[in-house]
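Below, chains carry the letters A, B, ... as their sequence lines are ordered, and counting in each starts from 1.
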Amino acid sequence: MSEEEKSLNFLEEIIEADLAAGRYKSILTRFPPEPNGYLHIGHSKSICLNFGLAAKYGGSTNLRFDDTNPVTEDTEYVESIKDDIRWLGFSWAEEKYASDYFETLYQYAHTLINKGLAYVDDSSAEEIASLKGSPSEAGKNSPFRNRSVEENSQLFSAMKEGKYKDGEKVLRAKIDMLAPNMLMRDPIIYRIKHAHHHRTGNDWCIYPMYDFAHGQSDSIENITHSICTLEFIPHRELYNWFIEQLNIFPSHQYEFARLNMTYTVMSKRKLLQLVNEGHVNGWDDPRMPTISGLRRKGYTPASIRNFCERIGIARRENLIDLSLLEFCLREDLNETAFRVMAVLDPVKLIISNYPDDQTETLISENGPDEKMGSRNLQFSNELWIEREDFMEEPAKKWFRLAPGAMVRLKSAYIVRCDGFTKDDSGAISEINCTYIPESRSGQDTSGIQVKGTIHWVSAKHAAKAEVRLYDRLFRVEDPASEEGDFKAYINSDSLQIIPEAMIETSLLDAKPEQRFQFIRKGYFCLDKDSQPGKPVFNRTVTLKDAWTKEVKKSN
RNA sequence: UGGGUUAUGGUGUAAAGGUAGCACAACAGAUUUUGAUUCUGUUUGUCUAGGUUCGAAUCCUAGUAACCCAACCA
């Protein structure tokens, strides 16, 4: 074990080196979402990283909302983000907002102006863009670049006072229009937005840009390691430039590769489209890769944390198999979920030699671990079994029910199929069996060995439930990199609703977010749409299924 | 005037000049009152071409490929 712990990711190496060199007494990280959408599984990689690193090295983590763009942000998102982080199992040291620092940031801007390092530009957005050049073409200086410190100072103050309309003026850092890094070509650091901010209301009509808020906020909070994703690499030069010019606490930015996962999309923009255009039913639709969607689907916080641990941290682009996430989920659920019986596609099984007026109470274990206890099951001569567990003409290697064949009814008796009846459409309507009285579960003296065990529910005692089965949202592994609109690759069969599944009555006591294994069918949990007496279950994940694979292979 | 970042099995991720390891996936077998779980085993890899070295995924040289940067978004 200690051998494995020796291999550190590159951030752990940096931190250990910093600590060993005495550069910091302890580390402080931050998780900095913009409150303009819901968190997704990609964010959980960042959350686990930032909080995990701090925990590992005895530091702490701030939650900071990067709320510098009032037109896209909302309190609704702030609350959902906090919920999701707490649900994942993390606690932040301090809850901060970039907007807490608007006054300080404004003063910083004046500092820059006074040093001759910022100027007010009256150019239009188009003019600024055209003078900016391109990656392979140098930029040109703005005609407003050489305004005096006094004029800039006055103009910037006037911007703050609301003397100008949106877009009329901006404040720019005066760096180098020839810089190969586009971000160093006099980046805009303040723009005018007469908009209502979810926290500061109408106090401000100028708002700092990301680059003039993020690093400064890190610095103000004394963040030691500011960890972000790869696309911010070019920002690091600017990040450091501001810290140096402002002479403030030197936080350092480090970048890692964001999470991509097969059969889903991870950009907020795309997820927003799925929600707004009705391809899913909201941000917490169980098919969404959002934390709230995964949570509603039945994912456990531990499984997500474990997943984030296993995928590792590095600096190369990656596309993680969805199957790894599902593996982590099953690993957790296998140990914790109670086993119950539910029949999703019911067909009637009649036991001809079991008295019609008799009901028997059987005992079934709740799980592989004895500590999970047991419960009572009602047994009678009329049962529901899964339609797919009967084959009129059995395939090879089939060891479920078929004419003349025997199977064990889980926790009950062995039955032999004597015949069946069909309805007018040719579908099986009833399966006739006899049971072996000496084969009762736990006290079997029949000596009969059967290969198959199937689940069942007593028809006379069954309750009903709606069951929702979810499949992957997209038909292709990487919809975002596919040609054309990613929405063309949506899996139209990602949701299957079973209006009336037959469930054992103990499931009527299910609590929200309580997870079950429906034996042989998968893991399920109660959905928030449930009403008293009218439960709704979501399939969290299927069980691994060697039989279906076998069938596919022989076809 | 372009700059930056990254390349290890199907997918991730280790190996800091010295046995290419681990996990997922796949495949095979054993156990099983869940065709689940568990257990055992197998297959598959250092971007290319040169070079240095007793020895290279690692160092050097030259290529190649992928990704990021031209919002008054973050």
Side-chain angles (χ1 to χ4, degrees), chain A residues 3-4 6-9 13 32-34 36 66-69 71-73 98 121 124-125 128-130 132-139 166-172 178-185 188-193 207 209-211 213-214 228-237 255 257 262 268-269 310-328 330-331 334-335 339 341 364-365 368 397-400 407-412 414 439 441-442 444 450-455 477 517-522 542-550:
Chain A
E3 303 261 326
E4 286 172 37
K6 261 197 248 171
S7 100
L8 304 174
N9 66 46
E13 283 175 0
E34 183 188 11
N36 69 345
D66 232 331
D67 56 350
T68 56
N69 187 357
V71 302
T72 57
E73 295 154 6
D121 196 325
S124 69
I128 290 177
S130 76
K132 194 155 210 168
S134 77
S136 57
E137 190 187 358
D166 288 12
E168 242 180 290
K169 286 181 165 48
V170 291
L171 183 70
R172 292 230 253 171
L178 266 25
N181 180 353
M182 299 290 289
L183 280 156
M184 300 301 279
R185 322 240 265 227
I188 293 169
I189 59 177
Y190 262 95
R191 75 288 213 195
I192 300 169
K193 276 179 191 282
Y207 291 92
M209 297 286 287
Y210 166 84
D211 286 302
H214 198 101
C228 60
T229 48
L230 253 28
E231 63 269 29
F232 289 94
I233 289 175
H235 293 256
R236 190 174 60 226
E237 191 180 356
E255 311 87 11
T262 55
K268 264 188 202 172
R269 205 190 96 250
R310 282 173 194 253
I311 58 178
I313 299 295
R315 278 167 73 86
R316 63 181 115 146
E317 298 287 333
N318 58 78
L319 181 62
I320 311 275
D321 264 337
L322 176 60
S323 59
L324 181 61
L325 214 212
E326 294 186 336
F327 168 82
C328 294
R330 292 190 186 106
E331 184 184 43
N334 179 47
E335 288 177 9
R339 270 61 167 174
M341 295 203 277
S364 188
E365 75 284 359
K397 292 192 197 168
W398 176 261
F399 43 85
R400 278 118 94 155
V407 291
R408 155 86 54 192
L409 296 170
K410 172 74 182 169
S411 300
I414 292 173
S439 67
S441 187
D444 185 347
V450 292
K451 202 82 161 79
T453 299
I454 64 172
H455 60 282
E477 281 204 336
Q517 185 194 108
F518 290 4
I519 288 179
R520 303 208 303 133
K521 298 310 298 181
T542 59
L543 258 25
K544 278 173 77 175
D545 183 358
W547 172 247
T548 304
K549 217 180 265 179
E550 180 71 33

Item to check | Is_stacked (A:Trp547, B:rG35) at 5.5 Å, 30 deg | outcome: yes
Checklist entry - Taking CD from A:Glu255 and P from B:rC67, how many angstroms apart are they, rounded to a whole number? => result 19 Å
Checklist entry - Using a cut-off of less than 4.0 Å, is there contact between a side-chain N or O of A:Arg310 and OP1 or OP2 of B:rG12? => result no
Next on the checklist: Using OP1 and OP2 only, check whether a side-chain N or O of A:Thr68 sits under 4.0 Å from B:rA74.
Outcome noted: yes
Next on the checklist: Does B:rC73 have its OP1 or OP2 closer than 4.0 Å to a side-chain nitrogen or oxygen of A:Arg191?
Outcome noted: yes
Checklist entry - Would you say a side-chain N or O of A:Lys549 is under 4.0 Å from OP1 or OP2 of B:rA26? => result yes
Item to check | Short side-chain N/O contact from A:Arg316 to OP1 or OP2 of B:rU13, under 4.0 Å | outcome: yes
Checklist entry - Roughly how far apart, to the nearest Å, are B:rU31 and B:rA25 at atom P? => result 23 Å
Next on the checklist: Judged by each residue's nearest nucleotide on RNA chain B, which is more toward the 5′ side, A:Pro234 or A:Pro32?
Outcome noted: A:Pro234
Checklist entry - With a 4.5 Å heavy-atom cut-off, do A:Ile128 and A:Ile188 have their side chains touching? => result yes
Next on the checklist: If you go through the side-chain atoms of A:Glu317, does one of them form a donor-acceptor pair with the base of B:rU5 closer than 3.5 Å?
Outcome noted: no
Next on the checklist: Is the distance from the ring center of A:Phe232 to that of A:His214 below 6.0 Å?
Outcome noted: no
Item to check | Validation row: A:Ile519, A:Thr453 side chains within 4.5 angstrom (heavy atoms) | outcome: no
Checklist entry - With rounding to whole Å, what would you report as the distance between B:rU48 and B:rU11 at their P atoms? => result 15 Å
Checklist entry - Within this structure, what is the NZ-to-C1' distance between A:Lys193 and B:rA74, rounded to whole angstrom? => result 12 Å
Next on the checklist: Measuring only the P atom in each nucleotide, how far is B:rA71 from B:rC59? A whole number of Å is fine.
Outcome noted: 37 Å
Item to check | Atom-pair distance (NZ on A:Lys544; C1' on B:rC27), nearest Å | outcome: 12 Å
Item to check | Separation of the C1' atoms in B:rU46 and B:rA20, to the nearest angstrom | outcome: 8 Å
Checklist entry - Does the B:rU34 base have a donor-acceptor partner in the side chain of A:Thr453 within less than 3.5 Å? => result no
Checklist entry - Could you give the CD-to-P distance, from A:Glu237 to B:rU5, as a whole number of Å? => result 11 Å
Checklist entry - Are A:Lys410 and A:Glu365 within salt-bridge range, i.e. N to O under 4.0 Å? => result yes
Item to check | B:rG18 and B:rU5, which share atom name P, separated by this distance in whole Å | outcome: 26 Å
Item to check | B:rU34 phosphate, OP1 or OP2, under 4.0 Å from A:Arg330 side-chain N/O | outcome: no
Item to check | N/O donor-acceptor pair, side chain A:Arg408 with base B:rU33, under 3.5 angstrom | outcome: yes
Checklist entry - Between A:Asn9 and A:Ile188, which is nearer to the 5' end of RNA chain B once each is assigned its nearest nucleotide? => result A:Asn9
Next on the checklist: Please report the distance separating the C1' of B:rU13 from the corresponding atom of B:rC27, rounded so that it comes out in whole Å.
Outcome noted: 23 Å
Checklist entry - How would you label the glycosidic angle of B:rA36: syn (within 90° of 0) or anti? => result anti
Next on the checklist: Less than 4.0 angstrom between a side-chain N/O of A:Arg315 and OP1 or OP2 of B:rU6, yes or no?
Outcome noted: yes
Next on the checklist: Does any part of the side chain of A:Glu34, heavy atoms only, come nearer than 4.5 Å to the side chain of A:Tyr210, both counted from C-beta?
Outcome noted: no
Item to check | Separation between the C1' atoms of B:rA57 and B:rC69, rounded to whole Å | outcome: 30 Å
Checklist entry - With rounding to whole Å, what would you report as the distance between B:rU32 and B:rU40 at their C1' atoms? => result 15 Å
Next on the checklist: Without decimals, in angstroms, what is the distance between A:Arg185 CZ and B:rC72 C1'?
Outcome noted: 18 Å
Next on the checklist: Of the listed nucleotides (B:rA71, B:rC67, B:rG2), which one gets closest to any side-chain atom of A:Pro180?
Outcome noted: B:rG2
